[in-house]
Amino acid sequence: METIRFLHIADLHLDSPFKGMASAGPDELARLQQSTFVAFERFVTYAVKERPDFVVMVGDLYDGEDRSLRAQIRFQQGMQQLEKAEIPVFLSYGNHDHLAGNWTRVSLPGNVHVFSEEVEQKQLIVRGEMVSLYGFSYPQRHVRESMIADYPVAGQDGYHIGLLHGSVAGDSAHAVYAPFTVRELQDKNYHYWALGHIHKRQQLAEEPLIVYPGNIQGRHRNEQGVKGFYDVSLSGEDASLKFVRTSNIVFTTLTVSCEGVEYADDWVTVCQEAIDTLATEMGSMVVELVMEHTEGLTADLLHVSSESEWIDILREQYSGLDPFVWIASIEWPGTSNMELSKTLLEPVEYTLECWDQNDWDDLVKEVYSHRAGRYLERLTPSETEQLKVKAAALLANELLKEG
Ligand SMILES: [Mn+2]
């Protein structure tokens with residue numbers, strides 16, 4: 001069989017608002033809010049240069065069901081560049097950009113093929129080889145039922161690729177959308193399964209390759225490390241993957257040893273050296289600092305200055321610099337257990353993130369229909385958002401209270 005080559009990308013979350021970064025100032029926030037677009041442009045540039053046979057995009061192209069106009073225009077421009085380079089694009093929408101949302105319509109060029117709300121087959125011919133793609137778009141936000149039965153078993157001819165935005169059945173860490181088992185996917189006899197939805201890059205199986213490329217740009221502390229997409233080659237039964245980085249700002253954790261440090265100015269130097277070394281390797285980043293061996297810094301030093309003062313001093317050192325560095329937090333020994341807090345916070349944040357205005361309306365329906373509740377003022381969507389952030393913080397505080 002001829003070798004075919006395509007790019008597999010998912011969870012672009014264009015125009016993600018970075019709501020969790022409330023501590024950042026307006027300049028830093030603006031910089032963060034640009035990052036999903038920068039990551040997307042890196043992908044487009046790569047595609048135009050490398051000329052793959054086609055591209056598959058597997059859901060959550062947009063962050064919100066309103067598909068912000070800015071995101072749509074930037075996406076449309078990207079698709080036009082791919083059209084000029086004669087690269088077909090096959091895409092499906094996910095739970096974040098489901099078809100029941102309300103958005104201003106922006107047209108997409110003719111090289112873009114969108115999967116409808118029912119599993120369907122699309123085909124193209126690459127150097128005489130028939131390539132069949134199967135997928136669907138989310139008709140509404142929640143698709144809790146399995147969609148696997150609707151995917152046909154592959155025939156003998158050509159290549160077969162499945163697109164699926166969803167998660168493994170029984171994965172309790174993530175609200176389950178379009179659940180599947182690896183076995184069910186394998187039973188379809190496809191050459192490749194292009195997955196989306198889970199933001200952590202991973203391979204669920206090798207025969208055939210069942211792959212989450214992860215998202216293209218981290219959006220908060222639980223989406224750490226370098227992000228990107230896969231450049232995939234299929235040659236008969238053989239497959240190879242190459243990861244391509246797109247992330248513009250990396251979320252990361254850095255442990256700093258304060259051994260031998262006695263004075264605050266030495267502490268600043270030690271931190272700066274560690275941060276600069278990491279930034280040289282990672283580029284722009286949002287970093288959580290973890291201090292260790294702080295015995296030399298007397299308790300006085302730590303007590304006299306508040307935690308916010310320490311962090312502000314470091315932040316000032318990096319204000320307005322390139323690469324962009326934002327110090328998200330400083331953890332001192334004994335203040336909290338970061339591993340524990342991550343374990344607890346991930347499901348909490350995910351749950352809150354999955355809430356939309358409808359879920360909220362449902363929840364408070366009773367309150368407003370109550371005799372006395374009719375006179376209450378309604379919360380605006382932005383107040384609801386703030387409430388979610390506060391609720392997550394409150395819950396985390398309660399959970400992490402030390403005995
Ligand atoms: Mn997603």
Side-chain angles (χ1 to χ4, degrees), residues 7-21 32-33 35-37 39-40 43 55-68 71-72 74-75 90-101 103 114-115 117 135-144 147 162-169 171-180 193-204 210-230 246-249 251 345-356 359 385 388 392:
L7 306 183
H8 170 199
I9 186 170
D11 297 281
L12 288 69
H13 286 266
L14 293 176
D15 212 7
S16 188
F18 289 84
K19 280 180 216 131
M21 300 295 297
L32 284 161
Q33 287 170 341
S35 64
T36 55
F37 292 120
F40 174 62
F43 157 75
V55 167
V56 296
M57 296 188 161
V58 195
D60 289 1
L61 281 49
Y62 302 106
D63 189 67
E65 60 180 21
D66 63 348
R67 301 186 185 182
S68 92
Q72 287 196 78
R74 300 283 280 265
F75 185 72
F90 296 86
L91 70 83
S92 65
Y93 294 111
N95 52 306
H96 272 259
D97 48 7
H98 62 87
L99 303 177
W103 64 88
V114 180
F115 282 96
E117 59 182 68
F136 74 98
S137 289
Y138 276 48
Q140 72 278 326
R141 186 176 186 91
H142 303 292
V143 174
R144 299 202 194 281
M147 298 295 290
L163 280 71
L164 178 58
H165 191 87
S167 49
V168 172
D171 172 2
S172 58
H174 298 95
V176 172
Y177 286 98
F180 61 86
W193 274 97
L195 305 181
H197 184 55
I198 304 298
H199 291 182
K200 187 174 159 44
R201 180 167 75 248
Q202 56 198 293
Q203 291 174 32
L204 301 186
I210 302 177
V211 177
Y212 283 111
N215 52 347
I216 63 168
Q217 166 62 51
R219 297 173 308 143
H220 49 68
R221 60 194 297 268
N222 287 327
E223 297 183 348
Q224 295 214 343
V226 168
K227 302 282 190 176
F229 63 89
Y230 278 114
T246 49
S247 50
N248 173 229
I249 299 173
F251 283 73
L345 276 180
E346 196 166 345
V348 171
E349 286 183 354
Y350 188 87
T351 308
L352 291 171
E353 210 177 287
C354 285
W355 270 17
D356 60 11
D359 297 330
E385 284 306 328
K388 281 193 221 171

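Predicted, not measured: the structure shown is a model, and the values here were computed from it. As a basis for the values below, the full set of heavy atoms in this structure was taken, side chains included, without hydrogen atoms, waters or symmetry mates. Heads up: numbering here begins at 1 and tracks the sequence. Counting convention: from 1, in listed order, for ligands and their atoms alike.
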_Testing V211, I198, L195 one by one against L204 for a side chain to side chain contact (heavy atoms under 4.5 Å, CB included), which residue passes?_
L195

_If I only include protein atoms of type N, O or S, how many are less than 2.8 Å from the Mn ion (ligand 1)?_
4

*asked:* Just to verify, which of Y212, Y138, W193 counts as forming a ring-ring contact (aromatic ring centres under 6.0 Å, His included) with H165?
replied: Y138

_Quick check against the 3.5 Å criterion: does E223 have a side-chain atom that pairs as donor or acceptor with the backbone of F251?_
no

*Considering residues at least two apart in sequence or located in another chain, which fulfil the salt bridge (charged side-chain N to carboxylate O under 4.0 Å, His left out) criterion with R74?*
E41

*Let me know which of K200, R201, K227, H197 forms a side chain to side chain contact (heavy atoms under 4.5 Å, CB included) with N215.*
K227

*Think R67 forms a cation-pi with F75, using NZ or CZ under 6.0 Å from the six-ring centre and within 45 degrees of its axis?*
no

